[in-house]
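First up is the structure itself, then whatever we jot down about it.
Note that the numbering runs from 1 along the sequence shown for the chain.
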Amino acid sequence: MTKKTLEIHFFTIVLNGQPFIEHHIKTFSALPIKWHWHIVEGVADLKYDTAWSLQNGGTIDNSLHLDGLSNDGTTDYIDALKNDYPSNISIYRKTKGEFWNGKLEMVNAPLKHIKKECLLWEVDVDEFWTAPQILEALSMFEGSPSKYTAFYWCHFFVGPELIVATRFGYGNNPQFEWQRTWRYKPHFFWASHEPPILVEKDYSDKLRPVLARGIFSHDETESRGLVFQHYAYVSEKQLSFKEIYYGYKEAVFNWCRLQKEITFPVKLSGYFKWVNDDTLVERSSSLGVDPLIPLKKY
């Protein structure tokens with residue numbers, strides 16, 4: 001009997017996802033297997049995982065949204081995408097003007113619609129993989145039925161041409177970064193989004209992290225070429241949002257200073273005041289990392 005291939009269920013929570021949101025479908029549609037993309041759009045209230053932002057002065061300014069949804073064209077784009085891929089795309093939104101009850105509610109929204117075991121894959125709007133990488137990860141999980149969670153390294157961009165050059169610090173802290181794929185069963189649910197903690201209830205009704213069932217380590221995934229690209233800070237627009245929403249003071253000003261730097265490596269903490277370790281920044285070209293999508297115009 002031929003073994004049935006796991007379906008992949010991608011999920012993305014998004015507010016103002018341009019220009020990144022438009023680049024994912026090319027990769028997903030190239031996959032020769034069953035896939036579904038769950039897009040959860042809207043403002044997440046500053047609760048639970050992101051409540052720490054309030055202490056920094058984070059706020060949900062009216063400039064960030066339109067009646068609780070995106071104001072940069074993302075809403076229209078994903079509506080059109082749904083029309084083009086009606087069986088592959090699901091969209092989740094609150095009623096007009098209503099905010100999500102934190103990001104935790106957002107990531108849990110699609111789960112009740114996933115009725116069978118699958119590969120669950122978090123794809124933040126600014127995170128990118130290649131189709132061969134996705135298929136390799138699928139093969140990895142199918143070849144190891146006892147493994148339920150995978151950890152990955154990423155190429156963490158802090159400018160269109162700048163990248164974090166070190167590991168074990170900001171952008172690549174292996175204690176919690178980056179969990180991105182899980183073998184999912186319908187009774188699992190999210191207990192946390194930052195970091196993502198998928199859980200189940202044991203026989204005594206206690207919560208048990210799914211990763212306790214078995215993990216793929218950073219070394220295992222890297223050996224398979226599974227290092228993704230994360231464009232976390234490649235545009236002034238991103239920094240402006242983080243300055244308002246997360247309360248990252250002077251984020252735009254200091255990011256612009258970093259882009260004008262001419263001598264590398266430099267410590268990221270000298271520019272991002274919320275970084276408190278020795279993470280170094282280098283030019284991506286010096287490390288041989290080519291962006292998967294064009295970044296200079298952003």
Side-chain angles (χ1 to χ4, degrees), residues 8-33 35-39 72-74 77-78 81 84-85 88-89 119-141 150-167 170-172 177-181 196 216 218 220-239 241-242 255 258-259 264 268 279-298:
I8 302 181
H9 284 253
F10 304 102
F11 70 95
T12 300
I13 65 174
V14 61
L15 176 70
N16 297 330
Q18 296 288 4
F20 307 113
I21 189 73
E22 297 187 9
H23 291 277
H24 294 287
I25 193 61
K26 182 178 180 180
T27 300
F28 297 162
S29 62
L31 297 172
I33 46 95
W35 60 273
H36 199 93
W37 188 12
H38 303 267
I39 305 173
D72 70 341
T74 294
Y77 171 75
I78 59 179
L81 196 64
D84 292 341
Y85 298 87
N88 295 98
I89 305 290
L119 186 62
L120 185 65
W121 198 308
E122 178 178 347
V123 179
D124 287 0
V125 72
D126 55 3
E127 297 176 358
F128 288 85
W129 305 77
T130 65
Q133 284 180 315
I134 292 170
L135 295 175
E136 180 64 26
L138 176 63
S139 175
M140 179 179 74
F141 272 88
F151 284 82
Y152 304 93
W153 298 114
C154 78
H155 297 304
F156 193 88
F157 282 74
V158 292
E161 299 176 324
L162 303 180
I163 193 171
V164 165
T166 48
R167 289 178 175 174
Y170 190 82
N172 270 310
E177 294 169 336
W178 296 91
Q179 296 177 64
R180 281 299 179 262
T181 49
F216 292 102
H218 294 82
E220 288 177 283
T221 56
E222 185 173 31
S223 70
R224 292 173 173 262
L226 300 178
V227 177
F228 68 98
Q229 295 191 0
H230 192 170
Y231 307 140
Y233 298 94
V234 301
S235 73
E236 186 171 327
K237 172 188 168 184
Q238 288 174 298
L239 274 295
F241 176 86
K242 295 174 194 292
W255 178 81
L258 177 59
Q259 307 315 303
F264 292 94
L268 186 59
T279 295
L280 297 178
V281 176
E282 183 58 271
R283 293 194 183 279
S284 55
S285 58
S286 298
L287 299 180
V289 178
D290 296 321
L292 293 174
I293 65 172
L295 294 179
K296 289 184 180 181
K297 65 180 180 179
Y298 302 148

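Taking both residues in full, the closest heavy atoms of Ala232 and Gln238 are given as O-NE2, 3.3 Å, listed atom of the first, atom of the second, then distance. Contact between Gln229 and Asp290 at its shortest, heavy atoms only, is NE2-O, 2.9 Å. Here the closest non-hydrogen pair linking Val227 and Gln133 is O-NE2, 3.0 Å. Counting all heavy atoms, side chain and backbone alike, Cys154 lies closest to Gly171 at SG-O, 3.7 Å. In terms of heavy atoms, Glu177 sits closest to His218 at O-NE2, 2.6 Å. Shown here for Trp255 and Pro160, the closest heavy-atom pair between the two residues is CZ2-CD, 4.1 Å.
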Show your working on side-chain contact (heavy atoms from CB on, under 4.5 Å) between Leu292 and Thr130 and close with a plain yes or no.
CA-CA 8 Å; Leu292 293 174; Thr130 65; 3.9 Å; yes
Hey, mind stepping through Thr181 and Tyr152 against side-chain contact (heavy atoms from CB on, under 4.5 Å) and telling me if it holds?
CA-CA 9 Å; Thr181 49; Tyr152 304 93; 2.5 Å; yes
What's the verdict on side-chain contact (heavy atoms from CB on, under 4.5 Å) for Trp35 and Ile134, showing C-alpha distance, side-chain angles and the deciding distance?
CA-CA 11 Å; Trp35 60 273; Ile134 292 170; over 6 Å; no
Applying side-chain contact (heavy atoms from CB on, under 4.5 Å) to Arg180 and Glu127, what does each step give before you reach the verdict?
CA-CA 10 Å; Arg180 281 299 179 262; Glu127 297 176 358; 2.7 Å; yes
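How far OG1 of Thr279 is from CG of Asn172: 8.5 Å, rounded to the nearest 0.5 Å. Annotation: the span from Tyr77 atom OH to Ile21 atom CD1 amounts to 6.5 Å, rounded to 0.5 Å. Residue Glu222 holds its CD atom at 9.5 Å from CG of Leu226, rounded to the nearest 0.5 Å. In this structure, Phe157 CZ and Asp126 CG are separated by 11.5 Å, a value rounded to the nearest 0.5 Å. With rounding to the nearest 0.5 angstrom, the CG atom of Asp84 is 9.0 Å from the CD1 atom of Ile89.
At a threshold of 4.5 Å between non-hydrogen side-chain atoms, the residues Ser286 and Phe264 do not count as touching. Side-chain atoms of Lys237 and Gln18, non-hydrogen and from C-beta on, do get closer than 4.5 Å to each other. Looking at Val123 and Phe228, their side chains never come closer than 4.5 Å, going by heavy atoms from C-beta outward. Looking at heavy atoms from C-beta onward, Ile39 lies in side-chain contact with Leu81 at the 4.5 angstrom threshold. Within the 4.5 Å cutoff, the side chain of Thr27 has no heavy atoms near those of the Trp129 side chain. Inter-residue side-chain proximity for Glu122 and Phe11 is flagged as met; some heavy-atom pair is nearer than 4.5 Å. The closest side-chain heavy-atom distance from Tyr231 to Ile293 is below 4.5 Å. Between Thr221 and Phe151, every side-chain heavy-atom pair lies at or beyond the 4.5 Å cut-off.
Every residue meeting the side chain to side chain contact (heavy atoms under 4.5 Å, CB included) condition with Leu135, not counting sequence neighbours, appears here in chain and number order: Leu31, Pro32, Ile33. In this structure, the ring pair (Phe, Tyr, Trp, His ring centres under 6.0 Å) partners of Phe10, at least two apart in sequence or on a different chain, are Phe28, Trp121. Applying the ring pair (Phe, Tyr, Trp, His ring centres under 6.0 Å) criterion to Phe216, with sequence neighbours excluded, gives Phe141.
The only option from Leu258, Thr166, Leu162 that meets the side-chain contact (heavy atoms from CB on, under 4.5 Å) definition with Leu268 turns out to be Leu258.
Looking at Gln259, its side chain does come within 3.5 Å of a backbone N or O of Val158 through a donor-acceptor pair. Listed for the Thr74 side chain is a donor-acceptor partner under 3.5 Å among the backbone atoms of Gly17.
Relative ring orientation between His24 and Phe128 is described as parallel, the plane-to-plane angle staying below 30° on a 0-90° scale split at 30° and 60°. Ring orientation note: the planes of His230 and Trp178 are nearly perpendicular, at an angle over 60° on the 30°/60° scale.
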